[in-house]
Amino acid sequence: MNTGLEYQKVCELDEVWEGEMECFEVGGETVLIVHAGDGEVRAYDPACPHQGHALIEGDLEDCVLTCGAHLWQFDVVTGKGINPTDTALISYPVKMKEGAVWVAFPQ
Ligand code: FES
């Protein structure tokens, strides 16, 4: 089935261990790959939706990402804000193929 999404290979799965996050650059785009505590891999815009601070400089504990700038918190399973709740991370579609992480960036 053609979903209309073009996926690009970002990294090998074993480059981001469970419970960790890492930034990768692919074709001029930077993406934050989060291997969440639930074992699933997710891809997010690397900038905090508050004031654009780099989320990679924050703290990931279990499934909660805390931005290092003003301590906003996000659930990395859903991408939704925990504190405050009226915000969310920008997520990109992810698929796993041959042990690698593929992401569809916005066109
Ligand atoms: S920039 Fe992330 S909490 Fe303010």
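Each ligand, and each atom within it, is numbered from 1 in the order the structure gives. Small disclaimer: the values here were computed from a predicted structure and weren't measured.
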Novice: Protein N, O or S atoms less than 2.8 Å from atom 2 (Fe) of ligand 1, ignoring waters?
Specialist: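 Less than 2.8 Å away from atom 2 (Fe) of ligand 1 sit Cys48 SG, Cys67 SG.
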Novice: Residues in salt bridge (Lys or Arg N to Asp or Glu O under 4.0 Å) with Asp59, at least two apart?
Specialist: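 Expected list: none.
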Novice: Under 4.5 Å between any side-chain heavy atoms of His35 and Leu13, yes or no?
Specialist: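 Yes. Closest side-chain heavy atoms under 4.5 Å.
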Novice: Report yes if the side chains of Asp75 and Leu89 come closer than 4.5 Å at any heavy-atom pair, otherwise no.
Specialist: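 Contact flag for Asp75/Leu89 side chains = no.
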Novice: Taking the side chain as C-beta and beyond, is there a heavy-atom pair between Val103 and Ile33 under 4.5 Å?
Specialist: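 Answer yes - side chains close enough.
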Novice: Hey, do the aromatic rings of Phe105 and Tyr92 have their centres closer than 6.0 Å?
Specialist: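 Judged by ring-centre distance (under 6.0 Å), Phe105 and Tyr92 do meet the cut-off.
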Novice: Let's go through Gln51 and His70 carefully: what are the C-alpha distance in whole Å and the side-chain angles of both, what is the deciding distance for side-chain contact (heavy atoms from CB on, under 4.5 Å) to 0.1 Å, and is it a yes or a no?
Specialist: CA-CA 9 Å; Gln51 288 184 1; His70 315 99; 3.5 Å; yes
